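No experiment lies behind these values; they were computed from the predicted model shown. Residue numbers start from 1 in every chain, and the chains themselves are labelled A, B, ... in the order their sequence lines are given, proteins ahead of strands. The figures here come from the full heavy-atom set of this structure, side chains too, leaving out hydrogens, waters and symmetry mates.
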Protein chains: 2
Amino acid sequence: MATIYDVSVLAGVSLATVSRVMNNSGNVSDKTRKKVEAAMDELGYRPNTVAQSLASNRSNSIGILVSELYGPYFGQMMSGIEAEVRAAGKHVIITTGHSEAQKEQAGIEFLLSRKCDALILHVEAVSDDYLITLCKQSVPVYLVGRFVPELAERCISLDNRLGGYLATKTLLEHGHRDIAYISGPLFKPDARHRLEGHKQALAQYNIIFENTLFFEGDFNETGGEQGMAAFANTGRPFSALCCANDETAAGAMEYGRKLNLDLPNQLSVIGFDNIIVANYLYPRLTTIENPIMAMSQMAAKLMLKQVYQQKNGSIQHVFEPKVIMRDSLIRHTQ
Amino acid sequence: MATIYDVSVLAGVSLATVSRVMNNSGNVSDKTRKKVEAAMDELGYRPNTVAQSLASNRSNSIGILVSELYGPYFGQMMSGIEAEVRAAGKHVIITTGHSEAQKEQAGIEFLLSRKCDALILHVEAVSDDYLITLCKQSVPVYLVGRFVPELAERCISLDNRLGGYLATKTLLEHGHRDIAYISGPLFKPDARHRLEGHKQALAQYNIIFENTLFFEGDFNETGGEQGMAAFANTGRPFSALCCANDETAAGAMEYGRKLNLDLPNQLSVIGFDNIIVANYLYPRLTTIENPIMAMSQMAAKLMLKQVYQQKNGSIQHVFEPKVIMRDSLIRHTQ
DNA sequence: TTGTAAGCGTTATCAA
DNA sequence: TTGATAACGCTTACAA
């Protein structure tokens, strides 16, 4: 592999000049530039980014941490960020945290050790305090899908409480009064906030929250299935089911069909996130929009603005969810 | 950030000794090791991986190229590889090619410039020749989901021809004779091979391939919708639809429902890939299993074996697809 | 406009 | 078992 030294020899100039040509920095005469570029071409020269990072303490790459590499939520997040970052001529380095504090920290360490210019994180397990300490270090950190009051300026988040509230309120407005709820794992802030919104809507209609109508799932299909099984077991009747995300709803609906429930006539269902699949479930899933793609792109824009001084429009920090009406939710009839 | 130098001063030893402790290389007395470790702890020392890579010409990271960061296919691929690689104490660096030759090459350049120890690629647009040249360079390269005869030892692939054949044969065995086909983009080898298998099955039953029953889609829902719209336009009747992947099938089924088709009674559908969603479509999608997760893990194992001398079991290079029967395909009745 | 030379934080080869 | 010291390939003052 050719190095900058080989290029300088072939072009008959110094290392510094080659470097200047590469980086468009300093003043280089047209003639020398041409010579250097010719030499680069001839040698098929590619800069060694590792050496560049070490010398310049910049890497032109952005570290991203997601909980998982699969699934529509993180898929949209990763590709939303990557599109923005790539358009700016930078690269992403992606790693995972698996929603475990220790792995999240290890992932962040990895990104830091690679000298990323900035981090964009979706963390669910590490504490606010950890994040606050992290943000005091020299690398700029941005959080998507999480709100830490002390770091509000670095957060791009969804109002999950409002989302949870809207979901349940929509069911209530359609005449439902017996509403079951399958949440996500409650150690995750998103799951907690959505549940709070649910309770708030119930309270507004003077309905008491019942433990027999609550199940803590896992944000996956499995949770939906297990939740439905649990409810079927207690025998407490309900006309509507509120799921903390769409995957849970998919699992619940599938299980409901196994129980020979006629959907949506015998059971209305509402999800959360509006992942692509929601539109292909049967009946098509009514849900709450979670603009994760837009949020991720906003985080990337914020980063580009602050780290690389790009001029980007105004920044929206908190996104508001809204109801997407489809076919899985109908008016309750006696 | 503390450096190896700070550690050496605090521990009262040389740089070299600190390096030896970090890498468990050479012989270090227990006493010095303890001293060094204590110093590291005290300073919160983290090695600078960029400097390590530059000096050692190794990076302990594996470059991965996928076409997209979203979607079940690539999601499974990424997380399958990552799990194996992480278990071996190495890291992945992921980038995208967007199924365009130029972007695929740029992605590969990026991974090479970061001095990855090996590359695992899912490339669709670059030529075989390019790959053959690439494999002659010093970095080991592995290909998943693509078969290049000259590089057979580095390929982990699916027999797509067989898959395409099985799909159509299954329809034929269920009495269908008028079979429409929505393919993926034909510049992709997968799409071409699946189509070849389809034609082979037709030929075996002495059925002539008709252009009016063929549509070139995009491997996405959109392709399925457009294909169904095109078929509806020509008016050529058909009792079964063979889709080159599940996403296409999802789009086609949704569009079929818009046309008031009663599925599966008026139209049988078969997909390809068996993505998670296939199980949640209505009717549940009959499809061809594409064990992308297993294939990716196999690629990772092969890499670990060859690059890091890990002892892993035997390697399977070509995977065979099989039919997953569900509800979207029924026997054709007159 | 161009060149010289001192880092950047490690690894690895010699000696000791 | 340890320590000097020369790479690794590039950036970036500072000089010329």
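- The shortest distance between the side-chain N/O atoms of B:Y5 and the OP1/OP2 oxygens of D:dA4 is not below 4.0 Å.
- Closest to the side chain of A:N48, out of C:dA12, D:dC10, D:dT11, is D:dC10.
- At whole-Å resolution of the value, CE in B:M22 and P in C:dG9 are 13 Å apart.
- Atom pair A:N24:CG and C:dT1:C1' shows a separation of 16 Å (rounding to whole Å applied).
- Taking every side-chain heavy atom of A:V13 into account, C:dG3 is the closest of D:dG3, C:dT10, C:dG3.
- In terms of position on DNA chain D, the residue among B:A55 and B:G12 whose nearest nucleotide sits closer to the 5' end is B:G12.
- At the phosphate of C:dT2, neither OP1 nor OP2 sits under 4.0 Å from any side-chain N or O atom of A:R33.
- The side chain of B:R58 approaches C:dA12 more closely than any other nucleotide in the set D:dG3, D:dT12, C:dA12.
- Within the 4.5 Å cutoff, no side-chain heavy atoms of B:L158 are placed close to those of B:D190.
- As rounded to whole Å, 11 Å separates atom P of C:dG9 from atom CD1 of B:I4.
- Between B:S59 and B:D117, some side-chain heavy-atom pair lies under the 4.5 Å cut-off.
- When distances are taken from the side chain of B:S29 to each of D:dT2, D:dC10, C:dT2, the shortest belongs to D:dT2.
- Rounding to whole angstrom units, CG of residue A:L15 and P of C:dA6 are separated by 13 Å.
- Residue contacts shown for A:T32 are limited to sugar-phosphate atoms, with no base heavy atom under 4.0 Å away.
- The closest side-chain donor-acceptor pair between B:Q306 and B:Y142 falls under 3.5 angstrom.
- Between the side chain of A:R20 and the base of C:dG3, a donor-acceptor pair under 3.5 Å is found.
- Distance from the side chain of A:P47 is smallest for D:dC10 among the nucleotides D:dT12, D:dC10, D:dT1.
- Under 4.0 angstrom from either OP1 or OP2 of C:dC8 there lies no side-chain N or O belonging to A:S56.
- Both cation-pi conditions hold for B:K90 and B:Y308: the charged atom is under 6.0 angstrom from the six-membered ring centre and inside a 45 degree cone around its axis.
- Taking atom CE on A:M1 and atom C1' on D:dC8, their separation rounds to 15 Å, with Å as the unit.
- Which of C:dT10, D:dC10, D:dA4 sits closest to the side chain of A:T3 comes down to D:dC10.
- In the set D:dT11, C:dT1, D:dC10, D:dT11 carries the atom at the smallest distance from any side-chain atom of A:N23.
- Between the CG atom of B:N27 and the P atom of C:dA12 there is a distance of 15 Å, given to the nearest Å.
- Here the side chains of A:M295 and A:H122 are not in contact, with every heavy-atom distance at 4.5 Å or above.
- Side-chain nitrogen and oxygen atoms of A:T17 include at least one within less than 4.0 Å of the OP1 or OP2 phosphate oxygen of C:dG3.
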Is there a side-chain hydrogen bond (donor to acceptor under 3.5 Å, both in side chains) between B:R86 and A:T96 once you walk through the steps?
CA-CA 10 Å; B:R86 176 177 285 237; A:T96 57; 3.3 Å; yes
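- For the pair B:K115 NZ and C:dT11 P, the interatomic distance rounds to 17 Å; values are reported in whole Å.
- For A:L54 and D:dT11, the CG to C1' distance is 10 Å, given to the nearest whole Å.
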